[in-house]
Amino acid sequence: MSKRRVRVRFAPSPTGPLHIGGVRTALFNYLFAKKHGGDFLLRIEDTDQARYVPGAEDYIQEALEWCGIKVDEGPKQDGQFAPYRQSERKDLYRQYAEQLLESGHAYYAFDTPEELDQARTDAEAKGETFTYNALSRCVMKNSLSISEDDCKTLLASSIHHVIRFKMPDNLDVTEVDLIRGSVTFNTSTLDDKVLFKSDGMPTYHLANVVDDHLMEISHVIRGEEWLPSMPLHVLLYRAFGWEDTMPRFTHLPLILKPVGQGKLSKRDGDKMGFPVFPLLWKDPETGDTSRGYREDGFFPDAFINMLALLGWNPGTEQEIFSMKELCEAFSLERVGKSGARFDPEKTNWFNHQYFIKKPDEELGELLLPFLKEKGITAELSMAARVCGMVKERCNFVSEIWDQSYFLFEAPTTYDEKIVAKRWKDDVPAIMGEIAEFFGTVEQWNAPEIKEPFSVLVTAKGWNFGTVMNSLRLCLVGGSFGPDIFEICDLIGQEETVSRIRKAIEKI
RNA sequence: GGUCUGUUCAUCUAAGGGUUAGGAUUCAAGAUUUUCAUUCUUGCCAUAGGGGUUCGAAUCCCCUACAGACUACCA
């Protein structure tokens, strides 16, 4: 059984956009599969028609694709276990529910939602919690509490009914979780879960177990919120007689809010200004949009790198990993047990690391649309050169413009603080002399300008700090940016002189 | 309320009986860059609390506290 081919699945329900916790679950599944040369499947768990959101499934597919998580089998990829959408497997589940009915592991229940609500409020009034279990099922309306004939009559009538799992009484169920170790639950604290709903659809629990079995899933890797349903699932495998091929279970820790308590939610992102979704999402109902990492200018490999290290560590001090390296290094044993607080700052840092390593041409390509937005058309070679000059100062392509606009157009304003600090009475005259000097330079490139310039400043006895900073003010409009002579080089001789004259006039 | 899970610097985490408890992010300071950023150096900063076991505990056990998840004909 340990020789089984590794097959894992990511099984989201299409009720909205995939958030980063979901992406991480998908990622860990994918990394585990690839580490062991196995398969990664995508299965859409759309058994709840009421919560179905149009576009959510496409969003999930697109998000995984953007992240570089390749699906081996799924709705779009197909595979020998198709279909991979539970709504399309609907007809399959009934027979499995019936198998359980026959073997005495399940029963029909005819209680209406109103009756159940009543039972719950009654219990609450007494300070108790209602649970449908061995103690209470004899007083509810089901095939165990009523006569066989009555049951047949009810089934024959079109009255709504569900199929519930008959939870054994007072049985310890122990199962190993690959990152937590052995976990024990006593069935007397569990309830008779609905397996088959009155609308003819299976619940998550039934569909999940049936599909994992049929699709020969070897490992179930999912969020910690599923840990409490592990005993139910184990019992279902036993009831079906599938225990020898039951998958191993692993429950991943949650991703927590950056500050405060609780798990990360969409609100945290809105409040603190970072995305919680991989891609931009537009709610089809309300029209509200939520930011995405892709649209915010993050690179998918940086995003994935950050996510991988949230709750997992390689045991070495390496922090930057390509997807390929992650596939090789990953192991479930090195996933932490405790929830990880999400850190937007570190996410930016990861992006910066990838950003500065990108070739200038690639960044230039990405810069072009931003330039166009500013009404500037530039050659790719120019954009690439600019990116090379300022990328150390940026985390995102969107920040390049702020760091480099002066390489495309003359500054229109001058930073007042710098003016007050540097633009003393004698400065205009000095700048005038420098403009004149620049006009005489024959070979216009950075080193050829710098040499004689330094000689001039020394000969005139000017203060270097004042001259350099004032000159920068003329050319840039502030006190930032790349090497001054590199700037002169790039914008050209004529423009350099013109900017100095303009500054003398305007300041 | 019940059940389960968890708890090491502000944050992500390493160390799975023996280290001055290590690294990274953030923050602060210094150096470099005659600007800014980068880079480099330094600093700040942690084993939730209490009991055991042991020559020795962040590590094993128990209790307490705190946190989280679950407790639907949702997944």
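Every chain is numbered from 1, with letters handed out A, B, ... down the list of sequences.
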Same-atom distance (P) from B:G68 to B:U47, integer angstrom: 22 Å
Residues which pass ring pair (Phe, Tyr, Trp, His ring centres under 6.0 Å) with A:His105, listed by chain and number, not counting sequence neighbours: none
Gap in Å between the two P atoms, one belonging to B:U5 and one to B:C60, rounded: 15 Å
Parallel, tilted or perpendicular: rings of A:Phe249 and A:Tyr237 (30°, 60°): perpendicular
B:U25: pairing nucleotide in any strand, Watson-Crick or G-U under 3.5 angstrom: B:A10
Rounded distance in Å - CE (A:Met389) to P (B:U33): 19 Å
Residue list, ring pair (Phe, Tyr, Trp, His ring centres under 6.0 Å) with A:Tyr405, at least two apart or on another chain: none
Pairwise C1' distance, B:U13 and B:U26 [rounded to whole Å]: 15 Å
Under 3.5 Å on both distances, the Watson-Crick or G-U partner of B:U47: none
Euclidean distance, atom CG of residue A:Leu307 to atom P of B:C12 [Å, nearest integer]: 15 Å
Interatomic distance, A:Asn395 CG vs B:U25 C1' [rounded to whole Å]: 12 Å
A:Asp212 side, atom CG; A:Leu236 side, atom CG - distance, nearest 0.5 Å: 11.5 Å
Length of the CG-C1' vector between A:Leu309 and B:U13, whole Å: 9 Å
Nucleotide paired to B:U71 in any strand shown, Watson-Crick or G-U, under 3.5 Å: B:G1
Got a list of side-chain donor-acceptor pairs under 3.5 Å for residues 219-226 of chain A, not counting sequence neighbours?
from: A:Arg222; atom 1: NH1; to: A:His251; atom 2: NE2; distance (Å): 3.1
from: A:Arg222; atom 1: NH2; to: A:Tyr204; atom 2: OH; distance (Å): 3.4
from: A:Arg222; atom 1: NH2; to: A:His233; atom 2: ND1; distance (Å): 2.8

Identity of whatever pairs with B:U59 - Watson-Crick or G-U, under 3.5 angstrom: none
Below 3.5 Å is the cut-off: list the nitrogen or oxygen pairs between protein and nucleotides 72-75 of chain B, distance only.
from: B:C73; atom 1: OP2; to: A:Arg164; atom 2: NH2; distance (Å): 3.4
from: B:C73; atom 1: O2; to: A:Ser198; atom 2: N; distance (Å): 2.8
from: B:C73; atom 1: O2; to: A:Ser198; atom 2: OG; distance (Å): 2.7
from: B:C73; atom 1: N3; to: A:Ser198; atom 2: OG; distance (Å): 3.0
from: B:C73; atom 1: N4; to: A:Asp111; atom 2: O; distance (Å): 3.2
from: B:C74; atom 1: OP2; to: A:Lys197; atom 2: NZ; distance (Å): 3.1
from: B:C74; atom 1: O2'; to: A:Asp48; atom 2: OD2; distance (Å): 3.0
from: B:C74; atom 1: O2'; to: A:Arg51; atom 2: NE; distance (Å): 3.3
from: B:C74; atom 1: O2'; to: A:Arg51; atom 2: NH2; distance (Å): 3.3
from: B:C74; atom 1: O2; to: A:Arg51; atom 2: NH2; distance (Å): 3.2
from: B:A75; atom 1: OP1; to: A:Thr47; atom 2: OG1; distance (Å): 2.9
from: B:A75; atom 1: OP1; to: A:Lys197; atom 2: NZ; distance (Å): 2.8
from: B:A75; atom 1: OP2; to: A:Tyr204; atom 2: N; distance (Å): 3.2
from: B:A75; atom 1: O3'; to: A:Glu45; atom 2: OE1; distance (Å): 3.4
from: B:A75; atom 1: O2'; to: A:Ser13; atom 2: OG; distance (Å): 2.9

Spacing of A:Leu264 atom CG relative to B:C12 atom C1', expressed in whole Å: 14 Å
Near-ring test A:Phe303/A:Phe298, centroid separation under 6.0 angstrom: no
Salt bridge A:Lys90-A:Glu88, side-chain N to carboxylate O under 4.0 Å: no
Residue matched to B:U19 through Watson-Crick or wobble contacts both under 3.5 angstrom: none
Per-nucleotide protein contact string for nucleotides 35-47 of chain B, where B marks a base within reach and S marks sugar-phosphate only (heavy atoms under 4.0 Å, - for neither): BBBS---------
Steps toward side-chain contact (heavy atoms from CB on, under 4.5 Å) verdict (A:Leu116, A:Tyr132): CA-CA 9 Å; A:Leu116 288 169; A:Tyr132 211 120; 3.9 Å; yes
Counterpart residues, ring pair (Phe, Tyr, Trp, His ring centres under 6.0 Å), relative to A:Trp312 (two or more places apart): A:Phe321, A:Phe330
B:G2 and B:U59, which share atom name C1', separated by this distance in whole Å: 31 Å
Spacing of A:Gln318 atom CD relative to B:A14 atom P, expressed in whole Å: 16 Å
Salt bridge (charged side-chain N to carboxylate O under 4.0 Å, His left out) contacts in which one or both residues fall within residues 304-319 of chain A, not counting sequence neighbours: A:Glu319-A:Lys346
Residues from residues 334-348 of chain A lying under 4.0 Å of RNA chain B - heavy atoms: A:Arg334, A:Lys337, A:Ser338, A:Ala340, A:Arg341, A:Asp343, A:Lys346
Distance, C1' atom - from B:U25 to B:G43, rounded to whole angstrom: 16 Å
d(CG, A:Leu227; C1', B:U71) in whole Å: 13 Å
Pairs meeting criterion salt bridge (charged side-chain N to carboxylate O under 4.0 Å, His left out) with involvement of residues 389-412 of chain A, two or more places apart: A:Asp360-A:Lys391
Side-chain N,O (A:Asn313) to OP1/OP2 (B:U13) below 4.0 Å: no
A:Asn351 side chain vs A:Phe299 backbone, donor-acceptor pair below 3.5 Å: yes
Lys/Arg-Asp/Glu bridge criterion (N-O < 4.0 Å) met for A:Lys166, A:Asp192: no
Show the atom names and distances, to 0.1 Å, of all donor-acceptor pairs under 3.5 Å that link a side chain in residues 465-478 of chain A to residues at least two apart or in another chain.
from: A:Thr466; atom 1: OG1; to: A:Asn463; atom 2: OD1; distance (Å): 3.2
from: A:Asn469; atom 1: ND2; to: A:Gly465; atom 2: O; distance (Å): 2.7
from: A:Ser470; atom 1: OG; to: A:Thr466; atom 2: O; distance (Å): 2.6
from: A:Arg472; atom 1: NH1; to: A:Phe480; atom 2: O; distance (Å): 2.8
from: A:Arg472; atom 1: NH1; to: A:Gly481; atom 2: O; distance (Å): 3.4
from: A:Arg472; atom 1: NH1; to: A:Pro482; atom 2: O; distance (Å): 3.2
from: A:Arg472; atom 1: NH2; to: A:Pro482; atom 2: O; distance (Å): 2.9

Sugar-phosphate only, base, or nothing, as touched by A:Thr466 at under 4.0 Å among non-hydrogen atoms: nothing
A:Glu325: side chain to side chain donor-acceptor pair (under 3.5 Å) partners, not counting sequence neighbours: A:Ser322
Separation of the P atoms in B:U33 and B:G49, to the nearest angstrom: 47 Å
Lys/Arg-Asp/Glu bridge criterion (N-O < 4.0 Å) met for A:Arg499, A:Glu495: yes
Whole-angstrom distance between B:U38 and B:A29, as gauged at atom P: 14 Å
Whole-Å C1' distance, B:A15 and B:A21: 7 Å
Nucleotide-resolved protein contact map, nucleotides 61-68 of chain B, B/S/- at heavy-atom distance under 4.0 Å: ------SS
Nucleotide paired to B:U35 in any strand shown, Watson-Crick or G-U, under 3.5 Å: none
